[in-house]
Amino acid sequence: MRQINIIFGHQKQMSFKNKNVFYNFHLHLKNFVISCTNMDGINEKFLKPYDPKDVESRIYSKWEKGGFFKPEKNLAEQDNRPTFCITIAPPNITGNLHMGHALENTTSDILTRWHRMRGFETLWLPGTDHAGIATQNAVEKNLKKKGLTRHNLGKDKFLEEIWKWKDEYGNIILDQLKKIGCSLDWSRTRFTMDDDYQEAVKTAFLHYQEKGLIYQGERVINWCIKDQTALSDLEIEYTEEETSMWFIKYPLKGGGFIVVATTRPETMLGDTAVAVNPEDVRYKKLIGQEVVLPITERNISIIADDKVDKDFGTGAVKVTPAHSIIDSEIAERHNLTFLKIIDEFGKIIGVNNEFNGSKIKEVREKVLAKLTTAGLLVKEEKIAHNIGKCYRCGGIVEPILSKQWFIKMAPLAEKAISAIETKEVIYYPEKWGRVALDWLKNSRDWCISRQIWWGHKIPVPDSNDVFDTWFSSALWPFAALGWPKKTADFEKFYPTQTITSARDIIHIWISRMIFSGLEFTKQKPFNKVIIHATVLTKDGKRMSKSLGTGIDPLELIEKYGADALRFGLIYQAMGGQDIRFSEDHIAMGKKFCNKLWNISRFVLTKTGGKIRNNDIENLNISDNSQEKEILSKLEKCRENTEKSIERSDFGEAAHLLYDFVWKDFADKFIEYSKDNDSPETKETLAFCLANILKILHPFIPFITEEIWSLAQDDERMLIVEGWPKGKIKK
RNA sequence: GCGCGGUUAGCUCAGUUGGUAGAGCAACUCGUUUACACCGAGAAGGCCGGGGGUUCAAGUCCCUCACCGCGCACCA
């Protein structure tokens, strides 16, 4: 039997197999020297460079078939093990994997694998979010290509279309997570619109209602003109644009004027007061007087409210209670009339025939023209101004008076505040806890009703509304485990240990999970919140598919392998600092994998193809030796890696591992071993390699598992090997 | 307006409690018989954003300014 491998290019290497003995020839082209290494006993795969493509899918399906992602099969021989549970941040069913997901889920996978190896009964639960507005918009866009709208179809048919979409595209992102090596228990996959999840949402609402925390009211809310739905405060994104500020004279009834400044002159049609700061000496004597509102000629009064900033504009504010959240609060304090003059389509209503039915912009022009004619327009100034836009469609958001459902936030926020302040829930990095507190301490009541079709129906008669998608997401850690039923999983795994998330959903999701958990289960939903770095482009800009600045993690996997992507990403994510993503680091990850591959090949040629998997106590190593030193460094590396993971400093752990494996082990000890062929040295090489594979496994699971399988007779997979716990006698 | 980051080698970033500035990538010089050229050995590269202060000693602590980025609020 004979096999010849000739590898051209950099390798300049040729191998052949004869009588089950492998020889590895190095052909040096310059001087035609031929060398030979005895590769006796070593698996023939080591004759080739490491090829992730050949390995990754094969290894992943071996893990999956072995059932190792299921907590029941992690380490079957032990009973009463501590549990470790993470519920994934469920990606939207509209999405595709981006670099943020890759980093986030690599982080969770490192934690999951680490705990699994340390003997915890470990569950990382996967799932997806129905993502109300986002999904509805995506499906509508799809229909538009066929010339259809959701209104053509009608509600039932449209919802059918969305379910079809979900079946077709909803799991794409989960499949992509498999390519990264995520060890999620797929048998427990949840969706936020599952039947029993819908029950959980209903239960939550009824609970709030019984407690008197729910109310329906006509209040000023953020309304997306395009999506035709209410939004919560957190669903608005502001962009700075240049606009004008107009200074307008309002005639005083007793003669003279008060000048107000506004960026939205058309809303004066709905003014029901002018407000000034009570301490403002310029206006003190005017408080209580009446002005004749230009154009509509209504009499409105001048009131005092300390929310008015003396130094902004003229210090006198026109109050439009129905179309400004701040004005509505002033109006409530002063019992002012709410005059709704803008409807859900962004058109003027209820004023007079001249303006009714016209768009806001047109009315603005008309109002300004009238004011100019009347000599009431003092001046126009250019200012930078923040315009509120819908976070899903980017459309203009108008504050309008609308009948919606709300949850009282104060009593709920209080619970979350106390959990964060007492460190029952800990944030990594710590600063995000303070950010969460700031919001919780200042949040307004939560508008939970949405006028879209896709979502959980609000369980009251006559309501066509659905819940804010985040209302259901807020229940995720416990509803995904079966709550409100007392399922075995809920009993066993709740409260969970960790949640990993991006910083932009700290308030909209994380804070709401904390108070929901405390409210419904009387327990915090997780101990730790890990806020991972934001992955930016090399220029420090946001990665965005639409801007063309996104980098597809799957392309990087194709090019460098999943382990390289994982290691390179984690290596860059130091202390949660933003990452200016550089592909160089992924290339570094690949080189590191290659180095590990070659280290393994070397060690295995020295040890007859197998490595030891025993406790360090069994090694008989003399004092003050090179062996003693590398073993001590290995021990230190393991300890420090553990500390770094505990602190959620995964980047630091990656640096430690890199330095130990490459500099200490390869450059020093392996070089030393070439001149020292003692049994002691060989034993140490094998021992170090076995432990290196274990410690690296949570970070680069595929290659370590592959090497393990080639170097052990034991069929047992590395994924369920015990984490090394050997101690060196000093 | 309030708050939070960042500013260290050409690039991307480390730098623990103050004690002679580090890595990867790039560039430079050597090196191919014996794991790996996806490698090894070596050298080079820095007023640690500016200014002030504390200290025997400051990249590190304090003050201040500048620039970049982000969050919250305002957005009348």
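Remember, predicted model here, so these are calculated numbers, not experimental data. Naming: A, B, ... by sequence-line order, numbering from 1 per chain.
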Closest to the [X] side chain, choosing from [options]:
| X | options | answer |
| --- | --- | --- |
| Val308(A) | A76(B), C4(B), C74(B) | A76(B) |
| Thr263(A) | C72(B), A76(B), G24(B) | A76(B) |
| Tyr571(A) | A76(B), A35(B), A23(B) | A23(B) |
| Lys590(A) | A35(B), A76(B), C38(B) | C38(B) |
| Asp667(A) | G40(B), A73(B), U12(B) | G40(B) |

Side-chain N,O ([X]) to OP1/OP2 ([N]) below 4.0 Å:
| X | N | result |
| --- | --- | --- |
| Lys591(A) | C39(B) | yes |
| Lys663(A) | G40(B) | no |
| Trp432(A) | G5(B) | no |

Test side-chain contact (heavy atoms from CB on, under 4.5 Å) applied to Phe669(A) and Ile630(A), Leu634(A), Asn676(A), the passing residue: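 Per the side-chain contact (heavy atoms from CB on, under 4.5 Å) rule, the option paired with Phe669(A) is Ile630(A), out of Ile630(A), Leu634(A), Asn676(A).
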Write down the distance between [atom1] ([X]) and [atom2] ([N]), rounded to a whole number of angstrom.
| X | N | atom1 | atom2 | value |
| --- | --- | --- | --- | --- |
| Arg601(A) | A35(B) | CZ | P | 9 Å |
| Trp662(A) | G40(B) | CH2 | P | 5 Å |
| Glu237(A) | C74(B) | CD | P | 16 Å |
| Met574(A) | U16(B) | CE | C1' | 11 Å |
| Tyr658(A) | G24(B) | OH | C1' | 6 Å |

Pairing string, 5' to 3', for RNA chain B - Watson-Crick or wobble contacts under 3.5 Å, brackets [ ] where pairs cross, | to another strand: (((((((..((((.....[..))))..((((.......))))......(((((..]....))))))))))))....
With a 4.0 Å cut-off on heavy atoms, is [X] in touch with a base, just the backbone sugar-phosphate, or nothing at all?
| X | result |
| --- | --- |
| Ile670(A) | base |
| Arg264(A) | sugar-phosphate |
| Ala666(A) | base |
| Asp584(A) | sugar-phosphate |
| Arg647(A) | nothing |
| Lys318(A) | sugar-phosphate |
| Tyr238(A) | base |
| Asp309(A) | base |

Donor-acceptor under 3.5 Å (Glu56(A) side chain, Ala562(A) main chain):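 Here the side-chain-to-backbone pair exists.
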Flag, side chain of Asn277(A) to backbone of Val308(A), donor-acceptor distance under 3.5 Å: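 Yes, the answer is positive, given that a donor and an acceptor are paired below the 3.5 Å cut-off.
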Donor-acceptor side-chain pairing of Thr681(A) and Glu627(A) below 3.5 angstrom: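 Side chains of Thr681(A) and Glu627(A): pair found under 3.5 Å.
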Atom P, compared across A58(B) and G18(B): separation rounded to whole Å: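 My reading of the P atoms in A58(B) and G18(B) gives 13 Å.
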Pairwise P distance for A43(B) and G5(B), with rounding to whole Å: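 Between the two P atoms, the distance is 39 Å.
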Full working for side-chain hydrogen bond (donor to acceptor under 3.5 Å, both in side chains) between Tyr391(A) and Glu235(A): CA-CA 5 Å; Tyr391(A) 82 137; Glu235(A) 292 170 305; 3.0 Å; yes
For Glu332(A), salt bridge (charged side-chain N to carboxylate O under 4.0 Å, His left out) partners two or more places apart: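 If we apply the salt bridge (charged side-chain N to carboxylate O under 4.0 Å, His left out) test to Glu332(A), skipping adjacent residues, there are no hits.
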Contact check, side chains of Thr272(A) and Arg298(A), non-hydrogen atoms, under 4.5 Å: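 A side-chain contact exists here, since the closest heavy-atom pair is under 4.5 Å.
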Side chain Lys674(A) and base A35(B) donor-acceptor under 3.5 Å: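 Per atom types, the contact qualifies.
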hbond_proxy Glu671(A) side chain to A35(B) base (donor-acceptor, 3.5 Å cutoff):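 Indeed there is one.
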